[in-house]
Amino acid sequence: MRFEKIAPYTYRIPRQGKMRVDAVFFASEEILRDLEGENYASLQQLVNVATLPGIVEPALAMPDIHWGYGFPIGGVAAFDPEEGGVVSPGGVGFDINCGVRLLASHLTLEDLLPRQKELADTLYRLIPSGVGSERKDVRFSKKELKEILKEGAGWLIRRGFGYPEDLHFIESEGRLPWADPDKVSERAFERGAPQIGTLGSGNHFLEVQYVDQIYDEEAAEAFGLFPNQITVLIHTGSRGLGHQVCQDYVERFLKVDPRYGIELVDKQLAAAPIKSPEGQDYLQAMAAAANFAFANRQLIAHFVREAFEVVGFPPRDHGLRVLYDLAHNNAKFEEHGGKRVLVHRKGATRAFGPGHPEIPPEYRKVGQPVLVPGDMGRYSYVLSGTEKAMAVSFGSSCHGAGRKMSRHQAKRVARERNLIKELAERGILVRAATKATVDEEMPEAYKDVSVVVEAVQGAGIGKKVARLRPLIVVKG
DNA sequence: ATGTAC
């Protein structure tokens with residue numbers, strides 16, 4: 001396919017074939033080489049997205065783009081409900097409202113190191129991880145679960161799992177208000193019920209980290225970050241519940257697409273008009289799953305605090321507060337270019353710039369925090385949203401490093417090695433449900449996230465604030 | 001991502 005450079009770190013694929021709009025992606029020279037080689041299929045997926053009805057120009061991809069179900073991961077697409085715009089489960093992803101929550105503490109590296117091992121063991125004990133993991137200690141009835149699906153993180157805070165001020169630092173206050181639990185299948189309920197407060201598997205993780213680099217003093221101060229500070233990053237989503245919602249609605253949409261005259265270049269793009277009953281049902285079920293994910297991260301944060309307390313840091317000492325909780329798999333109505341559009345972000349984050357009313361007042365002057373996990377051996381970044389992102393990417397930025405090796409390939413490379421030991425020798429304590437997950441997730445399996453961040457900053461859709469290095473990693 | 005093939 002043909003594309004052209006239109007700005008620093010920014011490329012356009014002009015409308016061609018069945019595309020309704022141009023596509024734009026952000027990349028460095030290094031990322032571009034990958035996109036012209038092994039990662040070419042993900043650009044083709046971006047072109048496919050541009051064929052969907054009612055899409056608002058342009059179809060977008062962040063620098064961490066890679067192949068996904070239907071839409072590429074790292075994709076952003078906005079649809080106009082007044083122009084036949086659609087909603088697509090594949091544009092949100094199977095793990096509805098997957099995201100990351102960053103907790104910032106009062107502790108420093110020196111405070112933590114003497115208790116590092118004990119804390120690693122305690123976190124692993126208090127936070128179930130792995131495929132099919134369940135909580136035995138906190139269970140919710142069907143009626144309570146329905147309330148959680150309507151209310152999100154706030155429901156748990158009311159029950160004492162968290163501090164009231166947590167809510168204020170969660171994207172959308174931890175709740176998508178149009179949720180309707182009655183649009184969620186019985187099977188999804190059954191799968192989700194025991195999974196609130198569990199990490200899951202794959203790239204999901206919990207990390208204890210320290211701040212090793214500050215790039216923007218003003219933003220770091222606004223976010224309350226300082227050198228050598230201990231932070232905790234939680235990455236998880238809506239577990240089996242969101243997965244089941246996605247599956248249910250892909251199947252339902254495929255049946256009705258011919259009736260709505262929606263021609264799909266790929267079945268995995270299954271979509272329904274936003275204004276159709278099916279589209280509305282999915283949006284309400286998706287919001288319910290999103291609220292489940294916000295609640296999941298809330299309950300995990302509660303047990304992170306408890307773990308710090310168990311190893312001898314009372315709340316006054318650990319001071320763990322929610323710096324921000326940011327989703328990277330959802331679809332939300334937002335104002336862009338004077339229009340109300342449905343923005344799908346799949347493996348992409350919201351990155352609203354300075355002054356936006358949806359940013360907590362404490363951060364509003366510098367833009368919203370954008371949390372960008374890397375890999376378990378290197379580092380993660382905190383960025384800030386920008387005005388430019390509002391203008392060119394529907395207020396969106398990247399969500400992570402992106403894989404470099406397939407899971408299979410990584411396992412083959414890691415087979416002869418003892419990654420847990422290697423990482424321990426570098427001061428990173430890993431606690432994981434299975435060796436296979438650690439192998440698949442080894443640092444070399446991922447692109448260096450600093451490459452992605454360089455492209456984001458170069459394109460102007462995010463600004464570096466701080467870098468975080470891992471000390472403890474809990475994996476599925 | 002995922003009761004990793006209901």
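Here is how names work: the chains are called A, B, and so on, in the same order as the sequence lines, proteins then strands, and each is numbered from 1. Hydrogens, waters and symmetry mates are skipped; everything else that's a heavy atom, side chains included, is used. In this text, all values refer to a predicted model and were calculated from it rather than measured experimentally.
Taking atom CZ on A:R239 and atom P on B:dT4, their separation rounds to 12 Å, with Å as the unit. Whole-Å rounding puts the A:K411 NZ to B:dT4 C1' distance at 9 Å. Counting to the nearest Å, the C1' atom of B:dC6 and the CD atom of A:Q247 are 9 Å from each other. Put simply, NZ on A:K475 is 15 Å from C1' on B:dT4, counting in whole angstrom units. Following rounding to the nearest Å, A:Y249 (OH) and B:dT2 (P) show an atom-to-atom distance of 21 Å. Put simply, CD on A:Q268 is 18 Å from P on B:dT2, counting in whole angstrom units. At whole-Å resolution of the value, NE2 in A:H243 and C1' in B:dT4 are 9 Å apart. Note: CD (A:E440) to P (B:dT4) measures 14 Å, nearest angstrom.
Of the candidate nucleotides B:dT4, B:dC6, B:dT2, B:dT4 has the atom nearest to the side chain of A:V131.
Aromatic ring pairs are classed by plane angle as parallel below 30°, tilted from 30° to 60° and perpendicular above 60°; the pair A:F352 and A:H356 is parallel.
Applying the salt bridge (charged side-chain N to carboxylate O under 4.0 Å, His left out) test to pairs two or more places apart or on separate chains, those with a residue in residues 85-102 of chain A are A:R101-A:D325.
Annotation: cation-pi pair A:R305/A:Y163 present, NZ/CZ under 6.0 Å from the ring centroid and within 45° of its normal.
Counting any heavy atom pair closer than 4.0 Å across all strands shown, A:S238 reaches no nucleic acid atom. Residue contacts for A:Q195: at a heavy-atom cut-off of 4.0 Å it reaches the sugar-phosphate backbone alone, with no base atom in range.
In terms of phosphate contacts, A:R187 brings no side-chain nitrogen or oxygen within less than 4.0 Å of OP1 or OP2 of B:dC6.
Look at A:R350 and A:E334 and you find no salt bridge, because none of the NZ, NE, NH1 or NH2 atoms lies under 4.0 Å from a carboxylate O.
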